[in-house]
Colleague: 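Mind looking over this structure? Questions follow.
The residues of the chain are indexed from 1 along the displayed sequence. Note that the coordinates shown come from a computational prediction; the quantities given were computed from them, not determined experimentally.
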Amino acid sequence: MSKWKTFAIALVLCLTLLDPTAGQPPRTYEPMRMTPEYRAARDAVYRQDYEKAAELFLRIGEQNPGTTLGATGLLNAAGFVPEEQKRSVYRKVVSGYPRSRFAAEAGLELITMDYGDWGTNNWRDWVTAADRLAVSFGGPSFARAMGGSRSRLAREVRALPEETQVALTQIYVDTQVILSYRLGQHAQAMDLALFNREAFAGGEWDGKLEGAVEDELEFLKYGQNQPGLADIINPTLKIWSPREGQTKGPRPRIRLEAYTGDTTVTQVDLERLQIRLDGQDLKPFLVVRAKFDRRLKLGKPLETLRLEARPPQRLTPGNHTLEVVVIAHGYKDSVPNLGATRKTWTFRVAGNRDDREDECDDWGDEQEWLRDD
């Protein structure tokens with residue numbers, strides 16, 4: 001073994017000893033659960049007794065280390081403690097909840113204290129610091145996210161642990177807002193909004209991601225927001241595979257294409273999209289690819305989505321049913337025939353032999369589809 005290889009191994013071991021979490025995936029945090037102590041702190045806020053609220057939230061953070069409740073307590077406390085104490089509270093979150101959504105939120109607050117409204121008011125430096133934060137969480141730099149292959153980078157992000165993805169979503173979404181509303185860099189903000197839409201589509205942030213794309217389009221086309229500009233139409237749903245009556249292998253690659261229209265209509269709401277196989281929700285296994293037509297031509301779809309999912313287990317031989325509901329942003333249940341497209345169809349699995357087509361990542365028209373991206 002060379003001396004340089006020996007040195008590298010020793011260095012990795014040393015760093016691991018300094019940071020026990022190094023090389024380990026970030027933990028998944030439990031949902032927030034309200035406790036009597038938390039309600040008491042919240043009630044203090046309602047009474048505008050902010051000093052008491054800070055004391056109670058800090059106590060919650062100290063008494064519940066390593067939990068969602070503890071992190072939420074500390075983040076809330078930071079909003080009410082004296083200015084000179086805020087940094088130490090945020091740093092406690094960063095160190096106590098490494099590589100978590102809570103650490104990302106605290107990190108962004110610290111950056112704002114340095115460069116934003118609380119600091120030098122230099123938003124270019126804010127973006128530079130947020131860029132370093134995103135890279136520290138394993139995400140692509142803003143330059144790569146805005147100028148690289150969105151499809152490839154989005155796949156890299158979706159391969160990261162869920163906790164990391166949630167943390168990165170906060171960083172990229174906040175940066176897109178800063179680029180747009182603080183710096184007026186709408187072309188760059190649009191590039192980042194498109195990346196966010198593809199990388200984080202379908203999650204809890206989806207409505208905000210879609211709205212960001214529409215906002216930037218309006219800025220670029222009209223120079224300002226145009227509230228109420230877009231109409232709602234029924235989305236178009238194209239079935240690529242498996243088609244009605246088709247015979248497939250036991251782990252079929254389900255491929256769909258969905259879109260609405262041009263800049264005058266709202267786009268697909270991925271948060272409300274439904275896809276079920278024999279009643280099982282396939283949304284957790286959904287991969288989304290998005291193509292945008294920047295020429296903004298009337299009559300040509302602004303955004304085309306390719307949706308792909310595979311069942312987590314092998315299917316038994318026989319008939320199987322797919323149900324898909326594609327919903328346009330702004331759809332209301334009170335008007336059921338406007339803004340939603342529903343399709344149900346059946347395919348067949350024969351035997352237990354894998355289908356070669358299901359093992360192939362290529363849709364068959366990849367170059368043509370990406371041509372206008």
Colleague: Parallel, tilted or perpendicular: which describes the rings of Phe57 and Tyr38, with under 30° parallel and over 60° perpendicular?
Modeller: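 It falls in the perpendicular class, over 60°.
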Colleague: Using atom types as modelled and distance alone, determine if a side-chain donor or acceptor of Arg306 lies under 3.5 Å from a backbone N or O of Lys291.
Modeller: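 Looks like no, no N/O pair under 3.5 Å.
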Colleague: Checking side-chain contact (heavy atoms from CB on, under 4.5 Å) against Ile254, which of Leu307, Leu286, Ile275 comes through?
Modeller: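 Looking at Leu307, Leu286, Ile275, the match for Ile254 under the side-chain contact (heavy atoms from CB on, under 4.5 Å) is Ile275.
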Colleague: Looking only at non-hydrogen atoms, find the nearest pair between Pro311 and Leu277 and report the distance.
Modeller: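 Closest pair (atom of Pro311, atom of Leu277, distance): CB-CD2, 3.8 Å.
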Colleague: Show the nearest heavy-atom pair for residues Leu192 and Met146, with the distance to one decimal.
Modeller: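 Taking Leu192 first and Met146 second, the nearest heavy atoms are N-CG, 3.8 Å.
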Colleague: Give a yes or no on whether the backbone of Thr67 and the side-chain of Tyr29 come within a donor-acceptor separation of less than 3.5 Å.
Modeller: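 No.
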Colleague: Donor-acceptor pair, Arg310 side chain versus Arg251 backbone, under 3.5 Å?
Modeller: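 Flag set: sc Arg310 to bb Arg251 pair under 3.5 Å.
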Colleague: Arg182: what forms a salt bridge (charged side-chain N to carboxylate O under 4.0 Å, His left out) with it, not counting sequence neighbours?
Modeller: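 Per chain and number, Arg182 pairs via salt bridge (charged side-chain N to carboxylate O under 4.0 Å, His left out) with Asp117.
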Colleague: In the single-linkage hydrophobic clustering (I, L, V, M, F, W, Y; side-chain heavy atoms under 4.5 Å), do Val94 and Ile60 co-cluster?
Modeller: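 Per the 4.5 Å side-chain linkage, Val94 and Ile60 are not co-clustered.
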Colleague: Measure the spacing between CZ of Phe200 and CD of Gln165 and express it to the nearest 0.5 Å.
Modeller: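 Separation between the atoms: 7.0 Å.
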Colleague: Looking only at atom types and distance, does a side-chain atom of Tyr115 sit under 3.5 Å from a main-chain N or O of Ala129, one as donor and one as acceptor?
Modeller: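 It does not hold such a pair.
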Colleague: Are Leu338 and Lys332 packed together at the side-chain level, in the sense that at least one heavy-atom pair is separated by less than 4.5 angstrom?
Modeller: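 No, side chains not in contact.
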Colleague: Would you say that more than 12 heavy atoms from the other residues, nucleotides or ligands in this model lie under 6.0 Å from the CD of Gln274, or not?
Modeller: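 Result for CD/Gln274: enclosed.
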Colleague: Show the nearest heavy-atom pair for residues Pro250 and Val349, with the distance to one decimal.
Modeller: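 What the structure gives for the nearest pair is CA-CG1, 3.9 Å.
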Colleague: Between Tyr97 and Thr68, does the side chain to side chain contact (heavy atoms under 4.5 Å, CB included) criterion hold? Intermediate values first, please.
Modeller: CA-CA 9 Å; Tyr97 298 83; Thr68 298; over 6 Å; no
Colleague: For the atom pair CZ (Arg342) and CD1 (Ile327), what is the distance rounded to the nearest 0.5 Å?
Modeller: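 If I round to the nearest 0.5 Å, the distance is 6.5 Å.
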Colleague: Could you give the distance from CD (Glu198) to CZ (Arg158), rounded to the nearest 0.5 Å?
Modeller: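 It is 6.0 Å, given to the nearest 0.5 Å.
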Colleague: Specify the closest pair of heavy atoms between Ala106 and Leu75, including all atoms of both residues, with the distance to one decimal.
Modeller: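 Looking at all heavy atoms of both residues, the closest pair is CB-CD2, 4.1 Å.
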Colleague: Grab the two heavy atoms, one from Leu305 and one from Ala290, that are nearest each other, plus how far apart they are.
Modeller: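 Smallest interatomic distance, heavy atoms only, reads CD2-CB, 3.7 Å.
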Colleague: For the side chain of Lys283 and the backbone of Glu271, is there at least one donor-acceptor N/O pair under 3.5 Å apart?
Modeller: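 Confirmed, Lys283 side chain pairs with Glu271 backbone.
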Colleague: Between Thr304 (side chain only) and Tyr259 (backbone N and O only), is there a donor and an acceptor less than 3.5 Å apart?
Modeller: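 Such a contact is absent between Thr304 side chain and Tyr259 backbone.
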Colleague: Please round to the nearest 0.5 Å and tell me the distance separating atom CG of Asp355 and atom NZ of Lys248.
Modeller: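 It comes to 4.0 Å.
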Colleague: For the CG atom of Leu74 and the CG atom of Leu58, what is their distance to the nearest 0.5 Å?
Modeller: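 Rounded to the nearest 0.5 Å, the CG-CG separation comes out at 6.5 Å.
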Colleague: Where the side chain of Asn234 meets the backbone of Gly339, is there a donor-acceptor pair that is under 3.5 Å apart?
Modeller: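 Flag set: sc Asn234 to bb Gly339 pair under 3.5 Å.
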Colleague: Closest heavy-atom contact between Thr316 and His320?
Modeller: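 Scanning both residues completely, I find the closest heavy atoms to be O-NE2, 2.6 Å.
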Colleague: Between Arg272 and Tyr331 (side chain of the first, backbone of the second, donor and acceptor by atom type, cut-off under 3.5 Å), is there such a pair?
Modeller: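 Yes.
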Colleague: Answer with yes or no whether the hydrophobic clustering places Tyr46 together with Tyr50; edges join I, L, V, M, F, W, Y residues whose side-chain heavy atoms lie under 4.5 Å apart.
Modeller: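 Looking at the clustering, Tyr50 is in a separate group from Tyr46.
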Colleague: Check the surroundings of atom CD in Glu51: do more than 12 heavy atoms from other residues, nucleotides or ligands lie under 6.0 Å from it?
Modeller: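 No, not enclosed.
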Colleague: Leu273 and Leu270: side chain to side chain contact (heavy atoms under 4.5 Å, CB included), yes or no, with the steps?
Modeller: CA-CA 5 Å; Leu273 179 139; Leu270 284 169; 4.1 Å; yes
Colleague: So, Thr260 versus Gln267: side-chain donor-acceptor pair below 3.5 Å or not?
Modeller: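 Gln267 and Thr260 do have a side-chain donor-acceptor pair below 3.5 Å.
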Colleague: What is the distance from atom CG of Leu179 to atom NE2 of His186, rounded to the nearest 0.5 Å?
Modeller: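 Reported to 0.5 Å precision, the distance equals 10.0 Å.
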Colleague: Please check if the side chain of Ser180 supplies one atom and the backbone of Gln176 the other of a donor-acceptor pair under 3.5 Å.
Modeller: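 Such a contact is absent between Ser180 side chain and Gln176 backbone.
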Colleague: Passes side chain to side chain contact (heavy atoms under 4.5 Å, CB included), Leu315 versus Phe347? Steps please.
Modeller: CA-CA 11 Å; Leu315 303 180; Phe347 67 96; 4.0 Å; yes
Colleague: Answer yes or no: is there an ion pair linking Asp114 with Arg87, defined by an N-O contact shorter than 4.0 Å?
Modeller: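 Answer for the salt bridge query: yes.
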Colleague: Are Val324 and Val287 grouped together when hydrophobic residues (ILVMFWY) are joined by side-chain heavy atoms under 4.5 angstrom apart?
Modeller: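 No.
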Colleague: With clusters defined by side-chain heavy atoms of hydrophobic residues (ILVMFWY) lying less than 4.5 Å apart, directly or transitively, does Leu56 cluster with Met32?
Modeller: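 No, separate clusters.
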Colleague: Test Arg197 against Val288 for side chain to side chain contact (heavy atoms under 4.5 Å, CB included), laying out the working first.
Modeller: CA-CA 9 Å; Arg197 171 72 160 154; Val288 177; over 6 Å; no
Colleague: So, do Asp262 and Lys300 sit near enough that their side-chain heavy atoms are less than 4.5 Å apart?
Modeller: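 They are not in side-chain contact.
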Colleague: Between Glu105 and Arg101, does any side-chain N to carboxylate O distance fall below 4.0 Å?
Modeller: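 No, Glu105 and Arg101 are not salt-bridged.
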Colleague: For atom CZ of Arg124, is the number of surrounding heavy atoms from other residues, nucleotides or ligands below 6.0 Å larger than 12?
Modeller: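 No.
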Colleague: Out of the candidates Thr120, Asp125, Asn121, only one should pair with Trp123 under the side-chain hydrogen bond (donor to acceptor under 3.5 Å, both in side chains) rule; please name it.
Modeller: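 Going through the options one by one, the only one that passes is Asn121.
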Colleague: When you check the gap from the basic side-chain N to the acidic O, do Arg99 and Glu163 get nearer than 4.0 Å?
Modeller: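 No salt bridge links Arg99 with Glu163.
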Colleague: Any heavy-atom pair between the side chains of Lys343 and Glu244 that's under 4.5 Å?
Modeller: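 No, their side chains stay 4.5 Å or more apart.
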Colleague: Say whether Val93 and Phe80 are linked into one hydrophobic cluster, either directly or through other cluster members, by side-chain heavy-atom distances under 4.5 angstrom.
Modeller: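 Different hydrophobic clusters.
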Colleague: Between Thr341 (side chain) and Pro235 (backbone), is there a donor-acceptor pair under 3.5 Å?
Modeller: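 Confirmed, Thr341 side chain pairs with Pro235 backbone.
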Colleague: Please determine whether a side-chain nitrogen of the Lys or Arg among Glu62 and Arg59 lies less than 4.0 Å from a carboxylate oxygen of the Asp or Glu.
Modeller: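 Arg59 and Glu62: not salt-bridged.
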